[in-house]
Amino acid sequence: MGGMSAVSTPSKSDLRRPNGTPVRVLVVDDESTLAELVSMALRYEGWEVRSAGDGLGAVTAAREFRPDAVVLDVGLPDIDGLEVLRRMRAEAAELPVLFLTARDAVEDRIAGLTAGGDDYVTKPFSLEEVVLRLRGLMRRTGVTTADAGNELVVGDLVLDEDSHEVRRGGEQVALTATEFELLRFMMRNPKRVLSKAQILDRVWSYDFGGQANIVELYISYLRKKIDAGRAPMIHTMRGAGYVLKPAA
């Protein structure tokens, strides 16, 4: 897809370390393209990111970088992801981990991964989902502090990142999971024109390979729910993309 590179300016995240410095995340995956996509999405949150392509490199990186959370592929080429975790936890016992697993992973193994309060996403996943899961993990384990609440607010539109509730003008709006991720991405970038390629990269699965018309379709779904009977907030910029801004 490649539209991701156009969104490269980090935004200030509301999640920080207790000392006020940016959150640190280590991304571990032997698929270099995927690792770079995830890393770019996390840097866009304003977080500090380092990546590793194998288990031994990940253990070394964790020792030097001292991350607040790790995105860890279970199936690494040298040592198993669970062994990587064991070695990391020997030095940082409470380190939260978001596992990346294959679609055909055995369910009881997944249960074992998450027994300690960690989380997982199944490939293929959307980059926005990875960001959401990491934010939740770091809040739950107390490694970060939030400068603001967990609500995004644009005009009279409010999105709660924890409960997944959306309200406009005080009225609740029911959204599907994909509609929620699309709206969340737009609300984190108010008044900013987002291209179809950027939206595809952030909201749909990294190997989705879909066409831009899926973006048009979901924008139309959102409009019916967010803008119906109200002053519009979602606008089409012909030839450029879409922008969300407070109603005039």
Side-chain angles (χ1 to χ4, degrees), residues 1-13 25 27-47 49 51 71 73 98-103 119-136 152 154 157 159 161 164 166 173-228 232-245:
M1 287 176 278
M4 187 98 176
S5 57
V7 193
S8 55
T9 306
S11 60
K12 181 188 179 300
S13 173
V25 181
V27 177
V28 186
D29 199 300
D30 61 320
E31 294 179 57
S32 58
T33 302
L34 173 57
E36 183 55 28
L37 275 173
V38 172
S39 296
M40 288 175 71
L42 302 186
R43 288 191 185 101
Y44 185 64
E45 294 292 310
W47 301 345
V49 183
S51 61
V71 178
D73 188 3
L98 177 68
F99 292 99
L100 309 181
T101 74
R103 185 178 287 158
D119 202 353
Y120 74 95
V121 291
T122 304
K123 296 181 179 183
F125 47 76
S126 75
L127 298 175
E128 201 70 0
E129 181 182 10
V130 169
V131 171
L132 275 169
R133 295 293 185 89
L134 273 176
R135 290 170 69 89
L152 300 177
V154 179
L157 185 62
L159 179 149
E161 293 186 301
H164 280 210
V166 175
V173 181
L175 299 181
T176 66
T178 301
E179 290 166 353
F180 179 86
E181 289 191 16
L182 173 56
L183 182 62
R184 177 183 180 273
F185 182 44
M186 297 183 80
M187 289 184 71
R188 287 188 69 81
N189 296 277
K191 302 180 183 178
R192 184 176 193 162
V193 178
L194 302 170
S195 72
K196 290 177 183 177
Q198 288 170 337
I199 292 171
L200 269 176
D201 274 343
R202 280 302 293 262
V203 178
W204 273 265
S205 301
Y206 66 92
D207 64 353
F208 172 69
Q211 301 303 310
N213 60 5
I214 192 76
V215 177
E216 295 173 17
L217 183 62
Y218 272 85
I219 288 286
S220 73
Y221 291 162
L222 265 189
R223 279 193 168 121
K224 288 174 185 174
K225 295 183 176 183
I226 299 296
D227 289 345
M233 294 183 70
I234 301 170
H235 304 270
T236 301
M237 310 301 287
R238 296 206 178 279
Y242 303 96
V243 61
L244 176 89
K245 56 187 178 183

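We number each residue from 1, following the sequence as shown. These figures come from a predicted structure and were not determined experimentally.
- Expressed to the nearest 0.5 Å, how far CG of L34 lies from CZ of F125 amounts to 4.5 Å.
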Check the pair E128 / R188 against salt bridge (charged side-chain N to carboxylate O under 4.0 Å, His left out), numbers first and verdict last.
CA-CA 11 Å; E128 201 70 0; R188 287 188 69 81; 5.5 Å; no
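- To the nearest 0.5 Å, the span separating CG on L182 from CG on L175 amounts to 9.5 Å.
- Scored by the side-chain contact (heavy atoms from CB on, under 4.5 Å) test, T178 finds T176, V203, W204, Y218 as partners (sequence neighbours excluded).
- With rounding to the nearest 0.5 Å, the separation of CG in L183 from CG in L244 is 6.5 Å.
- The distance from the CE atom of M40 to the CG atom of D201 is 8.0 Å, given to the nearest 0.5 Å.
- For E179, the salt bridge (charged side-chain N to carboxylate O under 4.0 Å, His left out) criterion is met by K225, not counting sequence neighbours.
- Nearest heavy-atom pair, R202 versus S126, reported as atom, atom and distance to 0.1 Å: O-CB, 4.1 Å.
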Begin with the C-alpha distance, continue with both residues' side-chain angles, and end with the deciding distance and a verdict on side chain to side chain contact (heavy atoms under 4.5 Å, CB included) for L132 and F180.
CA-CA 11 Å; L132 275 169; F180 179 86; 4.3 Å; yes
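- The backbone N or O of E161 lies less than 3.5 Å from no partner atom in the side chain of R184, so there is not a single donor-acceptor pair.
- Note that the CG atom of L100 and the CG atom of D29 stand 5.5 Å from one another [nearest 0.5 Å].
- Atom CG of residue D73 and atom CD of residue E31 lie 7.0 Å apart, to the nearest 0.5 angstrom.
- For H235, there are no ring pair (Phe, Tyr, Trp, His ring centres under 6.0 Å) partners at least two apart in sequence or on another chain.
- Between V131 and W47, the shortest heavy-atom contact is O-CH2, 4.3 Å.
- Electrostatic pairing of K196 and E216 counts as a salt bridge here, judged by a charged N lying under 4.0 Å from a carboxylate O.
- Nearest heavy atom pair, residue M237 against residue V193, reads CG-CG2, 3.9 Å.
- Under the rule for a salt bridge (charged side-chain N to carboxylate O under 4.0 Å, His left out), the partners of D227 that lie at least two apart in sequence or sit in another chain are R168.
- No option in L157, L194, L159 other than L194 meets the side chain to side chain contact (heavy atoms under 4.5 Å, CB included) test with M186.
- For E129, the side-chain hydrogen bond (donor to acceptor under 3.5 Å, both in side chains) partners are R133, not counting sequence neighbours.
- Applying the side-chain contact (heavy atoms from CB on, under 4.5 Å) test to K224 and every residue at least two apart in sequence or in another chain returns nothing.
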